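Report on the following structure.
Just so it is clear, the structure is predicted and the values come from calculations on it, not from any experiment. When a ligand or atom number is given, it counts from 1 through the structure's own listing order. For this chain, numbers begin at 1 and follow the sequence in order. Side chains are part of it too, since the values below use all heavy atoms of this structure and drop only hydrogens, waters and symmetry mates.
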Amino acid sequence: MIHTIKGDTWKGPFTEQQQKEALAALEEGQVLFFPSLSFSLKSQELALLSPHFADPRSKNIGYDSKQKKVGGAKGTQKEVIALGDMLGRYATEAQALVESILPYYKKTFEKARTSYRPMEIAGRRSSYRKDDTLLHVDSFPSSPVQGKRILRVFTNINPHGQKREWRLGEPFQKVVERFIPQCRKPLWGSSWLLEKLHITKSHRTLYDHYMLQMHDTMKADDYYQKTAQQIDFSFPSASTWIVYTDLTSHAAMVGQYALEQTFYLPVEGMAVAELSPLRILESFLGRSLV
Ligand code: SIN
Ligand code: FE
C-alpha cells in the first residue's frame, strides 16, 4: 500500500529506476511516501499555523495559483497575502516533485487547486458526505472531472510533531463490485439542470455521477466502514505523500496543518490507462461513461 521513496528535495533528482517503480506503484493505487521531504515555512509564516485563519464555513483554505486568489480564509489583508505566498510556493514545489518523480506525466498533467488545512480533523463536525474520516474515493459534487484523474500531493506541516493519521481501504475494483450495484442511475435531464443552475461548474458526466454515488454510498455504510479491509497509516510531520485519491480508498482520522496540491491528468496521459477508475467503471458497467 505504501511505496517509500528517499530524498529530501522537491526536485529530486530521482533515478530512472525510482521513477519507473513510482509510476507503477502509484497507478496501481499505492501511496508514494517521502518520509523526509518537508516544506520549509519562512519564520514569519509560522504565525499562519492557527485554525483561526479558516473560515468556519469551509474546512480548507483554497488557492488558485493561476489567478493568485485565496479563498475560504479570514484575516487581515496582510495575512491573506501571506497565506497566498505560502500556498503559491507550495504549488511550485509540488509541481516540481511530480515532474521529477513522475516525468511521464509532464506533458499532460495540469495544476488545479492548492489547499491549506489548518483544522484538527478529529472531532470536527460535518455532514457525512463531507466527513473525510470515513473511507471514500474522491469525487467533487460541483467540479466534475469528466474522467480525468485526481492526483494529490500532501505535506504534513504540523509544527508540534503531530502525525496525520489515515486509513487506506480496499482496491478500487472491490469498491466498484460492492457499491456500483447499489448506485442509482442519474435522473433524466439532471445533469443538464445541475449545469444550468450552476450547481456544477461543467457537465456532470455519467462517470462523475457514479463516482459521486460511490463516494456517498461508501461513507453512508457504517458496517462497511468498520469491516472493510483496511490499514492504518500515519504520515509524520515534515513528510510528503502523493496519491491518486480517486482510486485509492482513504480516510483522514487525526491531524492538523497540512498543505495539499491537486493535479488533473487525462486518462490517456497514464502509463496504463486500464488502471484508471474511468476504465475500470466502464468495463464493469459495459458502457462508455464520458
Ligand atoms: C481527504 O482527501 O479525504 C482528506 C485528506 C487529508 O486532509 O489528510
Ligand atoms: Fe478524500
Are there any protein N or O atoms under 3.5 Å from the N or O atoms of ligand 1? List them with distances, or say none.
{"residue": "ligand 1", "atom": "2 (O)", "partner": "His250", "partner atom": "NE2", "Å": "3.2"}
{"residue": "ligand 1", "atom": "3 (O)", "partner": "His136", "partner atom": "NE2", "Å": "3.0"}
{"residue": "ligand 1", "atom": "3 (O)", "partner": "His250", "partner atom": "NE2", "Å": "3.2"}
{"residue": "ligand 1", "atom": "7 (O)", "partner": "Arg117", "partner atom": "NH1", "Å": "2.8"}
{"residue": "ligand 1", "atom": "7 (O)", "partner": "Arg164", "partner atom": "NH2", "Å": "2.9"}
{"residue": "ligand 1", "atom": "8 (O)", "partner": "Arg164", "partner atom": "NE", "Å": "2.7"}
{"residue": "ligand 1", "atom": "8 (O)", "partner": "Arg164", "partner atom": "NH2", "Å": "3.4"}
{"residue": "ligand 1", "atom": "8 (O)", "partner": "Trp166", "partner atom": "NE1", "Å": "3.0"}

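At a cut-off of 3.5 Å, with distance as the only test, no side-chain donor of Ser100 or Lys11 sits close to an acceptor on the other residue. Ser115 and Arg117 are linked by a side-chain donor-acceptor pair at a separation below 3.5 angstrom, with hydrogens and angles left out of the test. For the residue pair Ser237 / His160, no side-chain donor-acceptor distance below 3.5 Å is found, with atom types taken as modelled.
The distance between the ring centers of Phe154 and Trp241 falls below 6.0 angstrom. The aromatic ring centres of Phe263 and Tyr105 sit 6.0 Å or more apart.
With the Fe ion (ligand 2) as the vertex, NE2 (His250) and OD1 (Asp138) define an angle of 100°, rounded to 10°.
The only option from Arg204, His203, Lys196 that meets the side-chain hydrogen bond (donor to acceptor under 3.5 Å, both in side chains) definition with Ser191 turns out to be His203.
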